[in-house]
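Just follow the structure's listing: the first ligand is 1, and inside any ligand the first atom is 1. Below, all heavy atoms of this structure are taken into account, side chains as well, without hydrogens, waters or symmetry copies. Note that the structure is a prediction, hence the values are computed from the model and not measured.
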Amino acid sequence: MALALITEQLAQAEQEALSALDKAETSAALEEIRLNYLGGKGVLTSILRGLGELSKEERPKVGALANSVKEKIQVRLDERKAAILNLEISARLSQEKIDVTLPGFGRKLGNLHPMTKLTEELTQIFYGMGFSVEDGPEIETEYYNFDALNTPSDHPARDEQDTFYTNMGDHVILRSQTSPMQIRAMEKGKPPFRFVVSGRVYRNEEINARKFPIFHQMEGLLIDRDVTFGQLKGTLNEFIRLLFGKQLKTRFRPDFFPFTEPSAELDCECPFCTGSGCRTCGHRGWIELLGCGMVDPAVLEGAGIDPMEWSGFAFGVGLERLAMLKYGINDIRHFYTSDLRFLKQF
Ligand code: DAH
């Protein structure tokens, strides 16, 4: 009796499922039917719950029947799925028209930061004069940043108001100049040396249009036999010619740096008014470019190099100042505010 009932229920479920599938018009409706008949809580599962009432011989028969019903429903489901998908695609295709005549959304190319561009340009210039390129740490020790550079312990630059001290150790600071790389390189290698090194330096400055606590420097060091101040002048004059694309007059004013003797500040004729005076040069006709000098024998000695055999020159230039000059930028803060209106101009 139970056998006849279950067989009947299965046949009826098959009928209903197939006709529902035939009527369904969307993928969502198909899915609903699938769950309703084939799902874990669906009609077939609940019919097969009655299997327990059947005898051992009857059970496999009903099992086989149930499998064939399942299969038929599944086959019809797959057919309807494919058909409905096709319909849905053609419906979308006829609705969504693409206007191939509309202008495209161009992908905008970015550009290098002006500081990166200038660094690359300077590096290229010095590379062309036979200088190699070194790299050094921004977190430095007082030893490399000051002591080894012949800077007395009471020098005002060491003051906390000028230099950033860290909590990473007693004498660990953010480098205030790229000059410490002179020492690191000399300790590591053997003369002759001829390299530039550039990167960020940090000073505890009040921020205004000309000063910012982070800025960039490029440092150069040349150590060889019988190096003269004339060679320093020749190198820097050539650098300025290549940088501004024309021969500009230069002058070397005496200055003081602890690690060079003699030391000089290099001015060049204002590239904008060629010396006659304009706003950029403050009507002076000259522009201060960089510090330089002959490496102090005490610095060489400290790095284990015999000053009787070797001599050399060094220079250090602030890159923001140079970029402001070269590109006509009036405020150093532009380099650090990530304003696209500024950055896109380079
Ligand atoms: N380090 C110096 C500064 O930050 C710049 C400088 C001057 C570097 C003279 C040098 C040099 O190598 O010879 O003010």
Side-chain angles (χ1 to χ4, degrees), residues 119 122-123 126 129 131-134 136-138 140-152 155-159 161-164 173-186 193-205 210-224 227-237 239-240 250-268 287-300 302-303 305 307 310-322 332:
T119 304
L122 297 196
T123 306
F126 283 106
M129 292 196 266
F131 285 73
S132 62
V133 181
E134 294 282 340
E138 289 175 22
E140 256 301 357
T141 60
E142 274 191 273
Y143 175 76
Y144 287 108
N145 197 86
F146 294 123
D147 300 316
L149 286 163
N150 204 28
T151 313
H155 194 281
R158 293 188 184 233
D159 206 280
Q161 269 133 30
D162 285 308
T163 296
F164 287 113
I173 61 169
L174 298 184
R175 68 177 175 194
S176 65
Q177 49 186 355
T178 41
S179 309
M181 266 312 284
Q182 294 188 22
I183 309 298
R184 287 186 177 274
M186 286 193 282
F193 297 101
R194 199 191 319 182
F195 66 84
V196 288
V197 54
S198 61
R200 288 190 200 98
V201 299
Y202 301 84
R203 287 184 197 175
N204 195 0
E205 303 271 19
R210 322 191 97 238
K211 295 214 156 139
F212 202 78
I214 304 174
F215 61 102
H216 292 71
Q217 284 189 336
M218 179 174 273
E219 185 90 11
L221 179 71
L222 184 147
I223 305 285
D224 211 322
V227 180
T228 68
F229 201 93
Q231 287 161 346
L232 167 62
K233 280 175 119 174
T235 304
L236 293 180
N237 282 343
F239 157 62
I240 288 168
T250 54
R251 66 181 186 193
F252 290 75
R253 278 182 295 109
D255 202 335
F256 174 80
F257 297 102
F259 39 91
T260 42
E261 183 60 36
S263 303
E265 183 82 19
L266 168 60
D267 298 343
C268 84
I287 281 175
E288 277 180 28
L289 274 192
L290 53 85
C292 60
M294 304 306 288
V295 178
D296 194 306
V299 172
L300 293 174
I305 293 170
W310 303 96
S311 55
F313 63 73
F315 54 88
V317 53
L319 298 190
E320 276 77 359
R321 239 182 89 60
L322 216 54
I332 192 171

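- When only interatomic distances are considered, the shortest N/O to N/O separation between G291 and ligand 1 does not fall below 3.5 Å.
- Here the shortest heavy-atom pairing between L149 and S179 reads CD1-CB, 3.6 Å.
- Considering OG of S311 and CG of D296, their distance stands at 12.5 Å, rounded to 0.5 Å.
- For ligand 1, the atoms closer than 4.0 angstrom to any heavy atom of G293 are 13 (O).
- Taking each heavy atom of C268 and T250 in turn, the nearest pair found is CB-CG2, 4.0 Å.
- Of all the heavy atoms of F259, the ones lying under 4.0 Å from any atom of ligand 1 belong exclusively to the side chain.
- Atom numbering of ligand 1 starts at 1 in the shown order; those under 4.0 Å from a heavy atom of T260 are 13 (O).
- Near Q182, meaning under 4.0 Å from one of its heavy atoms, ligand 1 places the atoms 12 (O).
- Close approach of ligand 1 to F315 (heavy-atom distance below 4.0 Å) involves ligand atoms 8 (C), 10 (C), 11 (C), 12 (O), 13 (O).
- For ligand 1, the polar-atom distance check finds no N/O of S176 at less than 3.5 Å from any of the ligand's N/O atoms.
- Applying the side chain to side chain contact (heavy atoms under 4.5 Å, CB included) test between C292 and each of F313, F315, F257 identifies F315 as the sole match.
- Close contacts of ligand 1 with Q177, meaning ligand atoms under 4.0 Å from a residue heavy atom, involve 1 (N), 2 (C), 3 (C), 4 (O).
- Residue R203 places a heavy atom less than 4.0 Å from ligand 1.
- Between F164 and Y202, the two ring planes are perpendicular [angle over 60°; tilted spans 30° to 60°].
- If you check the side chains of Q182 and E219, you find a donor sitting under 3.5 Å from an acceptor.
- Protein heavy atom nearest atom 12 (O) of ligand 1, with residue, atom name and distance: E219 OE2, 2.6 Å.
- Listed by number with element, the atoms of ligand 1 under 4.0 Å from a non-hydrogen atom of S179 are 1 (N), 8 (C).
- Among K211, H216, R210, the single residue meeting the side chain to side chain donor-acceptor pair (under 3.5 Å) criterion with E320 is H216.
- A salt bridge links D267 with R253: the closest approach of a Lys/Arg side-chain nitrogen to an acidic carboxylate oxygen falls below 4.0 angstrom.
- Among the candidates T163, I173, D147, N145, the single residue satisfying the side chain to side chain contact (heavy atoms under 4.5 Å, CB included) test with R158 is D147.
- Using a 4.0 Å cut-off to heavy atoms of Q217, the atoms of ligand 1 that qualify are 3 (C), 4 (O).
- The backbone and the side chain of A314 each have at least one atom closer than 4.0 Å to an atom of ligand 1 (non-hydrogen atoms only).
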